[in-house]
Amino acid sequence: MLVDIDLLTSYGGFIESHSPSDIIFEEGDEPQFYYQVITGSVKLNHINEDGKELIQSILSDGQSVCELLSFIKETFPVNAVAISECTIIKVPIKKFLKLLDDHRQAARDVQQFVAERLYHKFIMMQNNASKYSHVRIEGILKYFKSFSDEQSQYSYELPLTRKQLAAITGLRIETVIRTVKKMETEKVLKIKNRKIYF
DNA sequence: TCATTAATTTGGC
DNA sequence: GCCAAATTAATGA
């Protein structure tokens, strides 16, 4: 957990529950809260001019959502949509900033998290700029697996559908399906019941 | 539960 | 890579 729930609660944090496909906030909205996922997962996406979805990020247990906007005055550049049943804690931004002032350790943790996200964003952008579909897909697999404690081969079950994988990598869904199958024959990953194990 | 919709997969271009 | 069609899974009335 990025910031302790009790601490967030003591600074005016309150919990909300969402079902899959619930919109938590929309592109262009003014950020009013700091959001942290307690359970479940949330995607940050953008719909481009062709109506295609680009998933910028997927956040799960313990991670915060667009926390950087607590510090600058801009509107959300993405939509946040629940992709599973989830509980989220919201803290008004002013109170959240006060929390960071009062609690040095929490401020450091948030700083660290922002730095990690930025670092991963660089890597993902480089992978997704590759002309090779397997490079893009493996990049995402590694990124997701990096949050898992279990690192042995094929131990990680990718919590993404083919469609979501396509929306993250910018590839076509058919390309994702065919590339993933090829990667299975090359023993990069395993497929069981349509799920990807990496 | 059944009907509808969404996701997945295959094949042709 | 794009489109269409067939199959399968998920959703919801």
Side-chain angles (χ1 to χ4, degrees), chain A residues 15-29 35-63 65-66 76-90 117 120-148 150-198:
Chain A
I15 291 171
E16 269 186 1
S17 294
H18 292 279
S19 300
S21 81
D22 277 2
I23 293 169
I24 296 158
F25 57 72
E26 286 184 277
E27 197 172 331
D29 287 353
Y35 296 83
Q36 187 169 304
V37 179
I38 299 173
T39 61
S41 46
V42 172
K43 69 178 174 184
L44 301 182
N45 73 357
H46 170 76
I47 307 298
N48 74 11
E49 62 281 6
D50 298 330
K52 284 184 197 162
E53 177 185 30
L54 175 67
I55 297 179
Q56 286 280 11
S57 183
I58 291 186
L59 301 160
S60 52
D61 301 15
Q63 300 179 315
V65 180
C66 276
F76 288 117
V78 290
N79 309 292
V81 182
I83 54 178
S84 69
E85 282 299 331
C86 58
T87 49
I88 291 172
I89 186 163
K90 294 167 68 172
R117 293 279 308 290
H120 280 120
K121 199 74 202 169
F122 273 114
I123 293 181
M124 288 223 277
M125 286 188 77
Q126 287 164 3
N127 284 328
N128 280 346
S130 170
K131 63 177 175 176
Y132 301 110
S133 50
H134 66 272
V135 172
R136 298 198 203 181
I137 291 172
E138 193 166 347
I140 297 302
L141 291 173
K142 283 179 177 163
Y143 170 70
F144 272 83
K145 189 173 179 175
S146 71
F147 296 112
S148 164
E150 178 58 61
Q151 291 295 314
S152 58
Q153 195 177 28
Y154 308 139
S155 65
Y156 180 71
E157 181 182 323
L158 188 73
L160 298 176
T161 65
R162 304 289 188 277
K163 197 180 181 189
Q164 288 172 324
L165 202 44
I168 293 175
T169 55
L171 296 167
R172 289 234 131 215
I173 184 166
E174 299 95 322
T175 307
V176 169
I177 289 164
R178 287 164 177 148
T179 305
V180 163
K181 282 189 174 175
K182 194 163 170 229
M183 289 166 79
E184 184 186 30
T185 67
E186 290 163 356
K187 313 233 184 291
V188 178
L189 51 80
K190 280 194 174 179
I191 298 172
K192 201 163 63 181
N193 292 333
R194 298 185 165 194
K195 297 273 174 61
I196 295 171
Y197 294 85
F198 179 67

Discussion item. Under the criterion ring-ring contact (aromatic ring centres under 6.0 Å, His included), I'd like the reasoning laid out for A:Tyr35 against A:Phe25: C-alpha separation, chi angles, the key distance, then a yes or no.
Written reply: CA-CA 10 Å; A:Tyr35 296 83; A:Phe25 57 72; 5.2 Å; yes
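- In this structure, A:Arg194 and A:Ser21 both approach DNA chain C, and ranking their closest nucleotides by distance from the 5' end singles out A:Arg194.
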Interface polar pairs with nucleotides 1-6 of chain C, N/O, under 3.5 angstrom:
{"from": "C:dC2", "atom 1": "OP2", "to": "A:Arg172", "atom 2": "NE", "distance (Å)": "2.1"}
{"from": "C:dC3", "atom 1": "N4", "to": "A:Glu174", "atom 2": "OE2", "distance (Å)": "2.7"}

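- The closest side-chain heavy-atom distance from A:Phe76 to A:Glu27 is not below 4.5 Å.
- Look at CZ on A:Arg162: it is 12 Å from P on C:dA10, rounded to the nearest Å.
- Taking atom CD of residue A:Gln164 and atom C1' of nucleotide B:dT8, one finds them 13 Å apart after rounding to whole Å.
- Rounded to whole Å, the distance from NZ on A:Lys195 to C1' on C:dT8 is 14 Å.
- Protein atom CD1 of A:Ile173 is 13 Å distant from nucleotide atom C1' of C:dT8, rounded to whole Å.
- Test A:Thr169, A:Thr179, A:Thr175 against A:Ser133 for side-chain hydrogen bond (donor to acceptor under 3.5 Å, both in side chains) and you get one pass: A:Thr179.
- One atom, CD of A:Glu184, and another, C1' of B:dT9, lie 14 Å apart when rounded to the nearest Å.
- Counting to the nearest Å, the C1' atom of C:dA9 and the CG atom of A:Leu160 are 17 Å from each other.
- Considering all non-hydrogen atoms of both residues, A:Ile55 and A:Ile168 come closest at CB-CG1, 3.5 Å.
- One atom, NZ of A:Lys163, and another, C1' of B:dT5, lie 11 Å apart when rounded to the nearest Å.
- Ring pair A:His134/A:Tyr132 is tilted by interplanar angle, where 30° to 60° counts as tilted.
- Here the P atom of nucleotide B:dA7 and the CD1 atom of A:Ile55 are 11 Å apart, to the nearest Å.
- For A:Lys145 and A:Phe198, the positive end sits near the middle of the six-membered ring, less than 6.0 Å away and at most 45° from its axis.
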